[in-house]
Structure formats: C-alpha cells, structure tokens
Amino acid sequence: MRIKLVAGNWKMNGTLASSRALLEAVVPALAPLKRANFAVCSPFPHLGLVQQALRGSNVALGAQDVCQHDNGAYTGGVSAAMLADLGCRYVIVGHSERRAVFGDSDELVALKYAAAVRHRLTPILCVGETLAERESGVTEKVVARQLDAVIGHCGAAALERGVVAYEPVWAIGTGRNATPEQAQAVHEYVRGRLAAAGRRMADAACILYGGSVKAANAAQLFAMPDVDGGLIGGASLVAGEFVAICRAAQSSKETVKS
Ligand code: PEP
C-alpha cells in the first residue's frame with residue numbers, strides 16, 4: 001500500500017502574503033511527487049488565493065470546517081456548496097480544536113460530514129482521545145463513539161466518501177507525537193471498525209495520522225501498515241518541513257510493496 005494523502009492544516013495562521021510565499025515554495029517542490037496525494041486546508045479568507053496558487057498543480061484545496069446547513073439565515077456560516085464552488089476538494093470536520101474550543105458535538109460533526117458529502121467534498125473526519133482518556137484506557141471507546149456518530153447519521157457507506165484522521169489530542173501541537181506503534185494500534189482498530197461496513201471498504205479506507213508529525217518522525221509513522229498518510233498542523237506552515245514530510249510519504253512503503 002502506498003501513502004494516500006498528506007494534508008496540511010494551516011489552522012488560523014498567516015496573511016495573504018505569507019500564504020502566497022508558502023505556496024511558492026511548496027507547490028514546485030511537490031510537483032515531481034506522483035506517488036501520493038497532497039492537500040492544504042487554508043483559512044476561509046485565504047481560500048481564493050490558495051485556489052489560484054494551486055491551479056494546475058498536484059496539490060488539492062481544502063477547508064478547515066463547514067456549516068452543517070446548505071444556505072440561508074446562518075450568519076457567519078460557510079456552506080459546503082460555497083466550498084465546492086471555490087474549488088475545494090477536502091474539508092476537515094471534527095478537529096479537536098473545533099470540538100474543544102467551539103463545542104462541536106459528535107452529532108454536529110456528523111451533520112457537517114453529511115453536508116460535505118452532499119456537495120461531493122471529501123470530509124476529513126478527525127477522531128482522537130485526550131490524555132486523560134488514554135490514561136484511563138478508553139481510547140478505543142472514544143474513537144468508536146466519534147466514528148459511530150457519523151455512521152449512525154450518514155450510514156456506514158458514507159465513510160467510503162471520506163477520510164478518517166486519527167489525531168490524539170495530547171499529540172496535537174505539543175511536539176509529542178504518538179509512537180508509530182501507538183498510531184498503528186488505533187489505526188488498526190479504526191480499520192476493523194470500518195470493516196463492519198464491508199471488508200473491501202475498510203481495506204480501501206484512507207486513515208491519516210495527525211499529531212506533531214514532522215520531517216524527523218514522518219517516515220517511521222508512514223511505515224506503519226495501517227497509516228495511510230498524515231494530517232499535518234504546525235509543520236505544514238514551514239515549507240521545508242512540509243516538503244520533507246511529503247517526500248517521506250512519496251518514498252514510504254516502496255520496499256514493503258516490491
Ligand atoms: C492538526 O492541527 O491537525 C495537527 C495535527 O497539528 P500538529 O501537527 O501541529 O500537531
């Protein structure tokens with residue numbers, strides 16, 4: 001299996017000028033990498049500029065959140081239809097910062113996932129446990145609950161239309177990544193859970209790891225059999241780091257495959 005997707009999550013960072021400069025460094029460097037898919041998820045106000053900068057490249061456009069409604073009196077909302085119209089292919093839903101800071105519940109995340117699918121966007125569904133939850137041994141229970149909310153609302157087949165990102169909350173932005181073995185264990189569990197909807201679907205699923213991925217640890221994480229790629233936060237804002245992570249994805253698993 002090859003690495004399927006490396007997506008950058010810029011979070012709420014940057015200016016139009018810094019986003020442009022970042023892409024001027026990243027896009028040409030990724031052009032020769034044909035063995036994986038790449039994306040950047042930019043803040044809403046930068047999507048237009050990023051869309052222009054990515055035109056004709058092998059890097060897809062993504063957003064970081066979406067409103068659950070399609071249109072109407074939802075001041076401040078950005079709909080999936082608007083994102084699709086702008087050229088987005090991906091949208092992150094259920095990021096732990098949305099869950100913790102903005103109160104996105106499992107049910108709301110499921111509605112957002114459904115909105116994305118309705119408009120042919122690929123939702124990147126983030127799941128993951130807090131440190132307290134890991135330490136009390138309920139990691140799988142938490143991840144199952146977060147997945148089941150989407151399966152319950154959208155149906156198991158809808159997971160075929162999306163990507164799952166396992167992002168342990170304690171690893172996001174902390175510099176403390178999950179070990180490759182910890183990531184593998186949860187990814188294997190997620191794939192097993194998806195198998196309830198069909199083995200073929202589970203085998204084809206794209207399960208990303210996110211949480212303090214950097215150039216120095218990407219290759220080891222990507223070498224794990226159930227790690228299909230990465231969702232990269234802080235390191236995606238540093239051109240050299242992001243490009244090195246994407247190169248690690250490109251060369252990952254080649255030896256395993258041959
Ligand atoms: C993220 O924001 O999704 C993330 C994984 O952040 P970081 O890589 O900075 O831990």
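Computed over heavy atoms, backbone and side chain alike; hydrogens, waters and symmetry mates excluded. Numbers for residues simply follow the sequence, beginning at 1. Order of listing sets the numbers, starting from 1, for every ligand and every atom in it.
Shown are D106, D70, D65; of these, the salt bridge (charged side-chain N to carboxylate O under 4.0 Å, His left out) with K112 is made only by D65. No option in H187, E129, Q182 other than E129 meets the side-chain hydrogen bond (donor to acceptor under 3.5 Å, both in side chains) test with Y166.
Enclosure of atom CZ in R199 by more than 12 non-hydrogen atoms of other residues, nucleotides or ligands within 6.0 angstrom is indicated.
Looking at atom 8 (O) of ligand 1, its nearest protein heavy atom turns out to be G233 N, 2.8 Å. For atom 1 (C) of ligand 1, the nearest non-hydrogen atom of the protein is H95 NE2, 3.2 Å. The nearest heavy-atom contact from the protein to atom 9 (O) of ligand 1 is G234 N, 2.8 Å. Closest to atom 5 (C) of ligand 1 among all protein heavy atoms lies E167 OE2, 3.1 Å.
Not a single heavy atom of A235 sits under 4.0 Å from any atom of ligand 1. Residue contact check for ligand 1: G175 places no non-hydrogen atom closer than 4.0 Å to it.
For a threshold of 3.5 Å applied to N or O pairs, the pair formed by G173 and ligand 1 contains at least one separation below that value. The shortest N or O to N or O distance between K11 and ligand 1 is below 3.5 Å.
Proximity of A165 to ligand 1, defined as any heavy-atom pair under 4.0 Å, is not found for any part of the residue. When non-hydrogen atoms are compared, ligand 1 lies under 4.0 Å from the backbone of I172 as well as from its side chain.
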